[in-house]
Amino acid sequence: MVKVYVNDKEVEVGEGSYIIDAVIKAGYSVPTLCFFKGIYREASCRICIVELGNGRLVPACAYPVSEGLRVYTNTERVRRNRRVILELILASHKIKCQSCPRKGGFCQLLDLAREYGVEGIPVCAECPLHGNECLLVRGEPCLGPITIAGCGSPCTREGTICIGCRGPITRRDVLVEAARLYKEHKIPLEEVFSKMKLFWNNHPSLDKIYNILLETYNGGEKK
Amino acid sequence: MSYLELSERIDKVFGHLELRLSLRNGSVDAKFRVVHDMRLIEAVIEGRKVDEAPIIASRICGACSIAHFLASITAIENALGVELPDDIILLKESMNKIQVAQNNVVHLFFLALPDYYNARTLSELLSRNPDLIKVGFKLNNLCLQVVELLAGRIVNPNTYRIGGFTKKPSKDKVEKAVRILGEAEKLAREVVDHVTRLELPELVDPSPVYLVSESPIGYLSIGDYILSSTGEKFRAVDYPKYISEEVVDYSNSKVYRYNGRVFYVGSRARVLEYGERLVGLEDYVSSIVKELNNPYANIKAKALEILATIMDVKEKLDELKDRDLRLRTEYTIRSGEGVGVLEAPRGLLIHHYRVDSEGRVVYANIITPTAMNALHIEHSAMTLGKKIVEGELDVVEAKKYLSMLVRAYDPCLPCAVHVVVKQ
Amino acid sequence: MVNQTVVNVVSSIVARYRGERRYLMRMLQEIQSRYGYLPRRALEELAKLTGIPLSEVLNVATFYHQFKLEPPGYYIILVCMGTACHLKGNLDNYEAMKRFLGLGKYENTAKDGTVSVEKARCFGACSLAPVVMVISRDGKERYLHGHVTIRDARRIVAKYRSLALKKIKGGGS
Amino acid sequence: MTWTLMDKCCNRCWHSPEYPCRHYIRCRLSGPLCHEDVECRVRRSRRLKEIRYGRHGFKINVPLASCTIAAGAHEVYEAVVKEVKSRGILADIHRTGCMGMCYIDPWIELSKKGMPSAIYANVKPSDVPRIIKEYLEGDVSSAFALRNRTGNAKGEDKVPLLDELEPWRNQVRWVSRNCGIVDPESIEEYIALGGYRGLDRALNMRPEEVIEEIRKSGLRGRGGAGFPTWLKWKIAREQPGDVKYIIMNADEGDPGAFMNRLLAESDPHRVLEGMIIAAYAIGASKGFIFVRAEKPLMAERLSKAVEQARKYGLLGDNILGRGFSFDVEVILSAGAFVCGEETALIAAIEGRTRPRQRPPYPATRGLWGKPTIINNVETLAHVATIMAEGWEKFAKYGTEKTKGTKMFCVTGSVKRTGAYEVPVGTTIEKLVVEIAGGPPEGRKIKAVQIGGPSGGCVPASLLSTPIDYETLQKAGAIMGSGGIVVIDDHSCMVDVAKFFTSFTVAESCGKCFPCRIGMKILYDILEKITNGEGSEEDLEVLEELGNVIRSSSLCALGGTAPNPVLSTLRYFKDEYLAHVRSKRCPAKVCTKLVEYWINPDKCTGCGTCARNCPSKAISGELGKPHVIDKSKCIHCGQCYIVCPVGAVEKR
């Protein structure tokens with residue numbers, strides 16, 4: 001058995017264990033994305049990084065424990081790094097929450113984004129399909145595809161459109177995808193714009209968002 | 001004493017407000033100064049689509065967003081000529097009522113009651129009288145749960161749109177609401193027992209005129225008429241003929257007169273008007289009704305309303321739960337004018353819109369209860385001032401009574417200051 | 001018929017290395033030295049013969065810079081992108097060459113298949129920066145040009161192009 | 001066929017790879033040891049002399065390494081052969097490696113008995129007849145340097161001695177001692193110059209003693225990280241199990257660093273010797289030389305060295321009769337910068353890709369799960385030399401924490417490009433200014449980039465920093481493999497940072513997020529800044545992102561990749577600010593931020609610029625000064641490049 005200190009709490013784990021085992025045993029948790037116990041220990045997503053006593057950041061899922069190891073799971077540095085990594089992951093993530101099987105709040109990425117305050121995932125990710133028809137399919141100008149998630153989508157759950165009270169996502173690919181959806185469901189962009197003005201009227205990127213939506217919406221038409 | 005100016009920033013109200021009482025050579029003047037920043041919601045609404053107006057209107061105030069939302073949507077429904085089935089109206093009213101109950105709980109426990117226990121703050125009261133306040137917390141929580149079940153979320157309802165509800169509330173939901181309300185009813189009874197026995201400062205209402213929206217049946221329903229204590233009854237759309245508005249330079253809020261007279265709105269008015277309809281609560285009503293010409297008595301009326309609305313909503317929901325409801329009607333956009341009148345927690349609330357043929361709001365006017373009460377508060381304060389002049393009241397005590405007086409009206413300043421000077 | 005020879009070539013290479021996983025890179029290198037690039041067919045055959053999944057073969061084939069999946073020109077002009085060469089302007093040379101050949105952003109090989117222009121990693125001849133190396137497809141010829149200027153760049157392209165044309169024709173007849 | 005040192009002196013000698021003799025190495029030089037025979041002894045000493053001075057008393061050294069070949073050494077070699085043949089003189093034309101002074105490539109060295117050895121610099125094939133003629137006539141006045149003075153030749157006093165030359169004088173040639181002297185393809189010459197003595201000595205010791213010797217010498221890995229070599233060996237030695245591996249990392253990928261190539265091409269046997277010693281110390285039975293396919297000569301020479309060593313029983317079973325068996329396989333790397341990372345290198349040998357998380361370190365779990373030691377070429381060369389010479393001589397040099405010497409490749413804006421070996425702790429200034437001669441006239445050093453694409457830029461103000469692992473790290477750079485690029489005031493630091501970032505973006509293996517996407521975003525931001533679209537917030541993002549990539553990447557490549565950006569941001573913030581605030585590139589490098597104009601006084605009106613302008617922004621009549629239309633100019637800089645008279649100027 002090896003003695004490990006997780007957030008200064010002593011815990012004993014078997015030899016050959018990894019930090020993540022000790023952390024869980026000590027009653028703490030670290031977020032993981034690419035780690036599946038017994039299947040993957042790739043350590044490629046880096047979201048599970050923890051700080052060691054010597055100040056190094058190491059992935060909890062693939063770093064073996066050693067006697068007297070000190071692990072801190074939630075220091076400011078760890079959180080900051082996790083946030084940036086999350087931003088990077090999202091930067092390369094194809095955000096098509098509309099058709100994602102993890103739609104309806106079952107998205108780990110969304111949970112992390114919410115916890116670490118990273119924008120990028122739209123309200124659609126939280127909007128459950130169960131028993132509800134997508135409002136876009138009904139032809140309503142829902143702002144779900146372009147609004148930052150994190151509210152739990154109370155409005156769409158109740159069958160009213162999302163009006164974007166959490167602010168817009170300014171990422172181009174998300175907007176392009178949204179414009180595609182609006183076009184697919186034949187929702188006039190003017191109505192969407194009108195809804196956007198409710199809460200985003202002074203948003204510094206409003207013009208940019210307009211332009212991207214318009215461009216994609218009209219660009220597809222010519223083809 | 002020739003000159004005295006009491007300027008009191010009132011705490012424990014929603015928003016920022018100053019009451020200035022000046023006593024000069026025997027004459028008394030009071031100014032109800034709303035110093036809350038202007039919010040200009042009417043200007044925001046103008047030019048918007050009809051379905052967006054209620055969304056904006058509900059953001060006027062987080063405390064009574066449902067009232068604003070429903071008043072706004074009713075005004076638009078009236079403008080568009082939407083005929084609503086009874087089921088919708090029933091649920092709509094329940095939504096409003098339960099918020100009135102919840103709002104009254106907040107006002108009573110967290111704003112008004114500390115005064116009566118000589119506590120400056122809520123936390124002081126909490127340390128001194130934890131059992132009482134815990135009841136308040138619990139009751140508030142229960143009411144909020146029902147609000148959430150009916151309105152989708154605690155603030156800014158999202159279950160209702162022009163023409164009806166988006167979704168039928170499931171049987172589970174309704175049953176749960178009924179269960180919660182049953183629990184709340186017990187607590188509310190305790191509260192009413194307690195509050196009706198409170199000793200109030202003495203003050204005679206200087207202008208006992210009130211306005212209240214007409215409820216054809218029951219209590220606190222949404223009607224098309226406005227009633228006054230003088231017995232006059234007029235259509236809501238005709239309100240400009242009866243209620244005159246006036247801009248004052250010292251306040252960010254407008255002031256209103258009814259036929260040139262100072263009037264008040266709120267729980268006191270509602271209990272006076274509809275008290276006899278409260279079945280099962282006759283004892284409470286008769287115990288407080290003689291006190292109701294005292295503005296301070298507003299808190300007793302509010303306490304009574306908590307119980308009354310909870311019972312009412314519970315009964316209505318219980319009745320609804322096994323029925324097949326019709327909760328949606330279709331509507332078409334057309335031009336028109338509509339006024340929505342309902343009883344918000346603080347009293348009569350009027351939303352007035354004009355809609356053009358493309359479905360845009362071209363004119364919006366919102367009259368909030370606090371703004372209507374402003375003059376009445378001034379007059380009550382002046383009565384209090386006269387007492388000081390006459391030496392009946394110590395100046396130090398007067399300060400306390402002044403803030404208690406204002407709090408009894410429960411003014412909500414964010415609601416009041418959206419008002420914009422027209423022309 | 002052509003595929004049959006590919007099978008022969010690959011199977012003889014695989015046999016030489018007993019199809020062991022550790023020689024995957026070596027086998028790919030041999031295939032590449034035989035064809036000048038890695039034909040898809042050969043990779044498929046390799047995967048079949050060795051039992052290594054095709055995805056793994058492609059993983060290795062696409063990961064390392066040496067392997068090409070498209071046939072290169074007869075001569076491959078490698079423009080060094082080392083630090084010293086960069087500072088001395090080899091990027092300009094590279095672009096001049098591409099423009100001279102009329103190649104687009106993602107094209108590397110001239111349409112007539114004579115020369116390819118590619119960015120390459122440091123050759124370790126930094127003293128001669130900027131450096132351009134020219135190798136023939138079969139790896140037998142190897143020329144290095146140092147202190148290359150824009151004018152040299154064009155001259156180099158023109159020279160190897162005509163050389164390649166000659167060889168291709170000579171080989172064909 | 002002439003008799004060589006490696007051959008049997010007579011039939012009494014019984015050494016063969018199958019039945020090795022313990023004293024084989026010592027026997028070569030001071031033999032025969034197993035029997036007393038004057039003839040055999042004389043034969044040996046005669047052969048040694050031949051090697052030293054040439055068979056006919058006249059020896060012409062022509063260096064044939066990649067760099068000299070690139071500079072035209074092959075042609076020079078052919079010219080020498082032709083000249084010697086046509087003159088009918090008896091001379092040994094001797095191929096050597098490169099001696100590291102790249103700025104004089106290609107050079108030849110002529111040495112004749114009784115004459116001073118003369119080195120001629122920057123030789124063209126057409127110069128060869130003249131040089132040989134002059135030398136034979138006893139005139140060395142046109143030589144570049146002399147190795148010694150005999151007083152017999154004309155012009156001797158005018159030509160400096162090699163030892164007097166600044167780049168030579170300040171060097172301590174420890175591992176590179178044979179470079180440029182020995183024939184890299186001949187094991188005989190290497191042994192004649194004292195080679196494989198270290199191996200002989202090591203095999204006489206117990207492996208623990210070898211590790212102890214290295215510990216005392218204070219040798220640290222020369223690959224970049226500076227991990228103590230002995231400790232690595234000790235860890236691997238103490239691992240249970242019989243099968244252990246050693247890998248020589250000859251996959252030099254740093255742009256601007258070529259000391260490993262130089263060593264392996266010029267003195268491959270030294271490197272191999274070091275590897276065998278290391279294998280003995282840790283108990284490895286099999287070794288791999290991982291060498292880049294893009295550096296064919298290096299691979300060829302290393303393979304040849306392995307073959308020769310095997311032929312004479314220095315590799316294989318029962319090496320030198322000591323009961324130690326070891327064999328080496330040369331593996332051609334297909335080229336990926338990340339293979340410099342230990343775990344990625346192992347993956348490459350196993351036929352896979354990409355690094356993995358450490359620990360477990362390769363010393364405990366490496367190639368095919370077995371303990372594996374990975375040493376850099378230079379480290380192994382040091383090992384061989386230390387074992388031959390003893391640790392005391394090595395530990396004499398260097399600083400408290402880092403002993404010995406290190407080779408540095410100085411490139412970029414210096415007069416004397418080359419690979420120089422100096423004691424660790426030498427100041428940057430000495431290396432760059434004294435040895436390499438500093439930047440060309442009229443330019444100033446702006447920064448020195450140390451450690452390749454994952455190193456950092458040290459500004460001119462910190463030139464007095466001694467080069468060792470710790471101080472460099474403090475200054476924001478790393479020692480890396482020892483590539484030093486001198487950047488002068490004609491270069492833009494943002495552009496330099498962008499260049500290095502583009503390198504790491506292209507070389508990132510793509511396994512972990514911080515490196516794969518983070519570096520791409522860093523690059524995009526730098527691109528934005530150099531295009532004049534950056535804002536000051538971008539600089540903050542650069543810094544934050546850089547720090548995150550540094551601390552949370554999976555392998556060392558990602559962990560050091562943001563260094564160029566972070567170090568330039570640290571020392572050259574004003575340049576970044578000039579780019580983002582006033583949209584100006586102070587060094588006039590970022591083409592989007594400079595304005596091109598044609599100086600009418602210089603323009604001859606040839607029209608080259610107008611023909612090359614992709615946006616047709618240049619107009620003018622032939623023979624008259626041309627003008628650039630600013631509204632059409634796309635700042636591609638073509639006109640600047642093509643103008644034959646330099647009339648296009650930047651402002």
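Below, chain A is the first sequence line, B the second, and so on; all start at residue 1.
Listed options A/Arg83, A/Glu42, A/Arg80 were ranked by heavy-atom pairs under 4.5 angstrom with chain D; first place goes to A/Glu42. Each of D/Ser551, D/Cys515, D/Pro360 has some count of heavy-atom pairs under 4.5 Å with chain A, and the biggest count is that of D/Ser551.
Proximity to chain D involves both the backbone and the side chain of A/Leu88, based on heavy atoms less than 4.5 angstrom apart. Contacts of A/Arg56 with chain D are made by side-chain atoms alone, with heavy-atom separations under 4.5 Å and no backbone atom involved. Looking at A/Glu87, there are no atoms closer than 4.5 Å to chain D (heavy atoms on both sides), in backbone or side chain. Only the backbone of D/Arg358 comes within contact range of chain A, with at least one heavy atom under 4.5 Å from a heavy atom of that chain. Of the two parts of D/Ile521, only the side chain, counted from C-beta on, holds a non-hydrogen atom closer than 4.5 Å to a non-hydrogen atom of chain A.
Looking only at atom types and distance, the side chain of A/Ser17 has no donor-acceptor partner in the side chain of A/Glu15 under 3.5 Å away.
Both tests hold for A/Arg41 against A/Tyr18: distance to the six-membered ring centre under 6.0 Å, angle to the ring axis within 45°. Under a cutoff of 6.0 Å and an axis angle of 45°, D/Arg516 and D/Phe513 form a cation-pi pair.
The ring pair (Phe, Tyr, Trp, His ring centres under 6.0 Å) test applied to A/Phe193 returns A/Tyr210, not counting sequence neighbours. The ring pair (Phe, Tyr, Trp, His ring centres under 6.0 Å) search around D/Tyr245 returns D/Phe288, D/Trp368, not counting sequence neighbours.
Residues D/Glu536 and D/Arg581 are paired through a salt bridge, judged by an N-O separation under 4.0 Å between the basic side chain and the carboxylate.
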